[in-house]
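The next block holds one structure in the form of structure tokens; read it before the comments.
These numbers were taken from a predicted model, which means no experiment stands behind them. Chain A is the first sequence line, chain B the second, and so forth, proteins listed ahead of strands; every chain is numbered from 1.
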2 protein chains.
Amino acid sequence: MERLLQQLKDIHHLSTEIQQQLQECFTKTVLPKGEFLITEGKVCRHLYFLEQGCLRGFYNLDGKEITHWFGFENDFVTSFHSFITQEPAVENIQLLEGCILWAISKESLATLLNTYHEAERLVRIAYEKYYIRLEERYVNAQFRTATELYENLLQRAPHIIERISLGYIASYLGMSQETLSRVRSRL
Amino acid sequence: MERLLQQLKDIHHLSTEIQQQLQECFTKTVLPKGEFLITEGKVCRHLYFLEQGCLRGFYNLDGKEITHWFGFENDFVTSFHSFITQEPAVENIQLLEGCILWAISKESLATLLNTYHEAERLVRIAYEKYYIRLEERYVNAQFRTATELYENLLQRAPHIIERISLGYIASYLGMSQETLSRVRSRL
DNA sequence: ACCTGTTTTTGACTATTGTCAAAAGATGTC
DNA sequence: GACATCTTTTGACAATAGTCAAAAACAGGT
């Protein structure tokens with residue numbers, strides 16, 4: 001819980017009142033490796049804060065799993081599309097390690113936003129930070145050779161390379177595992 | 001201005017007070033085809049509402065222009081990264097047609113957000129809509145052949161194909177103009 | 001209808017990457 | 001230490017897409 005509050009404080013000042021309220025809204029969740037946090041087709045009713053562990057978001061395309069995102073410590077995770085619209089999720093989120101998470105329901109969040117105007121600003125600023133990271137991920141994703149894509153990732157997000165297994169990274173970069181393996185052997 | 005207010009009302013209810021305030025904050029801007037709204041390297045101090053016309057966002061990669069986004073009527077446009085962080089923009093936004101835009105400065109927006117708490121919610125919800133469109137654009141962007149990418153775009157955003165010239169669409173889909181031309185001839 | 005400049009199409013060739021299949025290397029457990 | 005399982009590497013071949021260059025189609029203006 002300390003980590004979560006600290007992350008929120010980094011975004012914007014928090015009154016003691018709202019801090020107490022937050023403590024009540026979030027529930028600790030511990031899940032083992034391999035488990036699914038979000039499953040394709042189900043509506044996603046919670047937003048999670050990831051205290052410990054890592055996970056991946058992926059969707060299916062012609063029977064192939066496409067990893068489009070990795071989550072690590074201090075990230076807020078959910079299928080944002082499904083959480084916002086309350087339509088069934090098109091993606092899955094799977095734990096790549098055992099994880100400690102803090103969950104808040106859509107309803108609790110809505111109540112929080114209606115009660116505390118400062119919470120509204122908190123969420124907006126969190127979105128901005130999230131959006132900027134998303135943008136950085138996609139700039140440089142196009143028109144590159146496998147080698148360039150890998151070198152770019154190595155600079156931009158070495159923690160992904162250190163921690164995630166080859167097949168998932170290949171899927172994330174949009175190439176086959178074999179190609180990625182060959183790229184690596186050439187460096 | 002009517003269109004802008006209507007768009008905002010679609011997002012969330014507006015009090016008459018805030019409507020008047022909005023009228024004062026936005027400035028009408030008319031620019032000819034080819035002009036740049038945002039230029040790489042310059043800090044972007046305005047957010048625009050596009051009433052009429054269309055435009056493209058692109059960045060340079062090894063001397064090649066990569067179009068990553070198109071804007072049409074009723075879109076809010078800017079280099080969000082630069083506008084939010086006030087760092088120099090990494091992308092350009094160029095008008096593909098003559099356009100009518102409504103501009104609001106970063107300062108005016110900040111004042112608005114501090115004065116009217118409901119504006120805070122307005123921006124958050126606008127972000128959510130924007131984010132969802134962005135996500136839809138990138139899902140299905142990977143692991144596909146040129147033909148599939150084009151067919152996907154045809155379904156998802158036929159207005160882009162009808163209105164934008166071949167070279168820009170090719171750049172947007174991450175393929176050469178020649179390949180796109182061949183794909184089209186096969187259908 | 002004609003000229004001019006721009007956009008789109010076509011052709012030939014090359015390079016990169018995907019696919020399938022098998023081998024080699026790690027990791028964990030008994 | 002040996003076995004089973006999972007991950008990574010290597011090899012051979014086919015298919016897809018990029019590049020360069022030239023031709024054709026289209027649009028706007030006179």
Side-chain angles (χ1 to χ4, degrees), chain A residues 32-36 53-56 58-68 70 94-98 140-154 158-187, chain B residues 32-35 53-56 58 60-68 70 94-98 140-154 158-187:
Chain A
K33 177 175 175 175
E35 201 88 348
F36 282 70
C54 68
L55 22 80
R56 69 174 183 127
F58 71 96
Y59 54 96
N60 286 293
L61 190 61
D62 311 329
K64 206 177 281 168
E65 290 187 355
I66 298 187
T67 303
H68 64 108
F70 295 111
Q94 185 184 24
L95 310 217
L96 298 179
E97 299 176 358
N140 297 332
Q142 275 194 330
F143 266 106
R144 297 194 151 242
T145 61
T147 309
E148 284 173 315
L149 282 167
Y150 182 74
E151 284 175 341
N152 180 251
L153 185 68
L154 205 57
H159 61 285
I160 290 184
I161 289 163
E162 285 156 20
R163 201 156 157 192
I164 308 285
S165 74
L166 198 76
Y168 294 143
I169 298 176
S171 160
Y172 179 70
L173 291 177
M175 67 186 71
S176 71
Q177 177 171 309
E178 293 90 333
T179 298
L180 182 53
S181 172
R182 277 182 254 266
V183 162
R184 273 217 304 209
S185 73
R186 260 183 258 131
L187 299 182
Chain B
K33 176 177 174 173
E35 202 87 344
C54 69
L55 21 80
R56 70 175 182 124
F58 70 95
N60 287 293
L61 190 62
D62 312 329
K64 206 177 283 171
E65 289 187 356
I66 298 187
T67 303
H68 64 108
F70 295 111
Q94 186 185 23
L95 308 217
L96 298 178
E97 300 176 359
N140 298 334
Q142 275 193 331
F143 265 106
R144 296 194 151 242
T145 61
T147 308
E148 286 174 314
L149 282 167
Y150 182 73
E151 284 175 341
N152 180 251
L153 185 66
L154 204 57
H159 61 284
I160 290 182
I161 288 162
E162 285 155 20
R163 202 156 156 191
I164 307 286
S165 74
L166 197 77
Y168 293 143
I169 299 177
S171 159
Y172 179 70
L173 292 176
M175 66 187 70
S176 71
Q177 176 171 310
E178 293 90 332
T179 298
L180 181 52
S181 172
R182 279 183 254 263
V183 163
R184 274 217 304 209
S185 72
R186 260 183 259 133
L187 299 181

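- One can place CE of A:Met175 at 16 Å from C1' of C:dA15, the figure rounded to the nearest angstrom.
- Rounded to whole Å, atom C1' of C:dT16 lies 9 Å from atom CZ of A:Arg186.
- Taking atom OH of B:Tyr150 as the reference point, atom P of C:dT8 lies 11 Å away to the nearest angstrom.
- Atom NZ of B:Lys33 and atom P of D:dA27 are 12 Å apart (whole Å).
- If you take CZ on B:Arg184 and CD1 on B:Ile169, they are separated by 6.5 Å, rounding to the nearest 0.5 Å.
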Sort me out a list of protein N/O and nucleotides 5-12 of chain D N/O pairs below 3.5 Å, or just none if empty.
{"from": "D:dT8", "atom 1": "OP1", "to": "A:Leu166", "atom 2": "N", "distance (Å)": "3.2"}
{"from": "D:dT8", "atom 1": "OP2", "to": "A:Leu166", "atom 2": "N", "distance (Å)": "3.0"}
{"from": "D:dT9", "atom 1": "OP2", "to": "A:Ser181", "atom 2": "OG", "distance (Å)": "3.0"}
{"from": "D:dT9", "atom 1": "O5'", "to": "A:Ser181", "atom 2": "OG", "distance (Å)": "3.2"}
{"from": "D:dG11", "atom 1": "N7", "to": "A:Arg182", "atom 2": "NH1", "distance (Å)": "3.0"}
{"from": "D:dG11", "atom 1": "O6", "to": "A:Arg182", "atom 2": "NH2", "distance (Å)": "3.3"}

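- Between B:Phe70 and B:Tyr168, the closest heavy-atom pair is CZ-O, 3.8 Å.
- Taking all atoms of both residues into account, the shortest heavy-atom contact from B:Ser181 to B:Leu166 is CB-CD2, 4.1 Å.
- C:dT16 atom C1' lies 16 Å from atom CG of A:Leu173, rounded to whole Å.
- The OH atom of A:Tyr150 sits 13.5 Å away from atom OG1 of A:Thr145, with the distance rounded to the nearest 0.5 Å.
- Ring geometry for A:Phe58 versus A:Phe36: interplanar angle over 60°, hence perpendicular rather than tilted (30 to 60°).
- No side-chain donor-acceptor contact under 3.5 Å links A:Glu151 to the backbone of A:Glu148.
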